[in-house]
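Here is the structure we will look at.
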Amino acid sequence: AVLNDDAFVLRFFAEDRRDRLLAVNFGADLRFNPAPEPLLAIEHGGWDVQWSSEDVRYGGAGTPPLETEDNWLIPGHAAVLLRPKEGL
């Protein structure tokens with residue numbers, strides 16, 4: 001799903017709550033609020049970062065959670081792979 005001119009998400013649906021969500025943003029940080037995109041929705045608990053191109057191992061600044069109290073903040077010039085929160 002295209003979020004704007006610079007950002008999109010891909011959702012990989014799997015059994016047993018093993019879905020993955022890939023967010024790619026070629027532009028500046030994106031405050032996606034409201035977030036009407038159905039692919040972002042998850043039944044219980046939300047998403048955790050599994051991998052990020054902004055990881056400090058790659059010289060990045062780190063990646064905070066993309067879901068915030070103000071909805072979604074997708075970092076600019078980055079790709080982030082999300083998985084369902086564990087323990088739910």
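Values in this document were obtained by computation on a predicted structure and should not be read as measured data.
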Report task. Check whether any side-chain heavy atom of V49 lies under 4.5 Å from a side-chain heavy atom of L82, and answer yes or no. Result -> yes
Query - Flag, side chain of D29 to backbone of G76, donor-acceptor distance under 3.5 Å - result: yes
Report summary line: Value for CD (E54) from OG1 (T63), rounded to nearest 0.5 Å, stands at 6.0 Å
Report task. For the residue pair P75 and V80, establish whether any side-chain heavy-atom pair is separated by less than 4.5 Å. Result -> yes
Query - Student check: side-chain heavy atoms of Q50 and R20 closer than 4.5 Å - result: yes
Report task. State plainly whether the residues D19 and R83 are in salt-bridge range, i.e. N to O under 4.0 Å. Result -> no
Query raised in the report: Is any side-chain N of the basic residue among D16 and R18 closer than 4.0 Å to the acidic one's carboxylate O?
Result: no
Report task. Would you mind reporting whether N4 and L30 have side-chain heavy atoms less than 4.5 Å apart? Result -> yes
**Report entry** ILVMFWY network linking V9 to L22, side-chain heavy atoms under 4.5 angstrom
**Finding:** no
Requested in this report: For E67 and W47, indicate whether the former's side chain and the latter's backbone hold a donor-acceptor pair under 3.5 Å.
Outcome: yes
Report summary line: In terms of heavy-atom contacts, R11 and L39 come closest through NH1-O, 2.8 Å
Query raised in the report: Would L81 end up clustered with F26 when hydrophobic side chains under 4.5 Å apart are linked, directly or stepwise?
Result: yes
Query raised in the report: Any side-chain heavy-atom pair from E37 and L3 closer than 4.5 angstrom?
Result: yes
Query raised in the report: Just wondering, do H77 and S53 contact through their side chains at under 4.5 Å, heavy atoms?
Result: no
Query raised in the report: Would you find a donor on one side and an acceptor on the other, under 3.5 Å apart, between the side chain of N71 and the backbone of P34?
Result: no
Query - In one Ile/Leu/Val/Met/Phe/Trp/Tyr side-chain cluster, 4.5 Å: W51, V24 - result: yes
Requested in this report: Taking the side chain as every heavy atom from C-beta outward, state whether F32 and L40 have any pair of such atoms under 4.5 Å apart.
Outcome: yes
Report summary line: Taken to the nearest 0.5 Å, the spacing of D6 CG from I74 CD1 works out to 11.5 Å
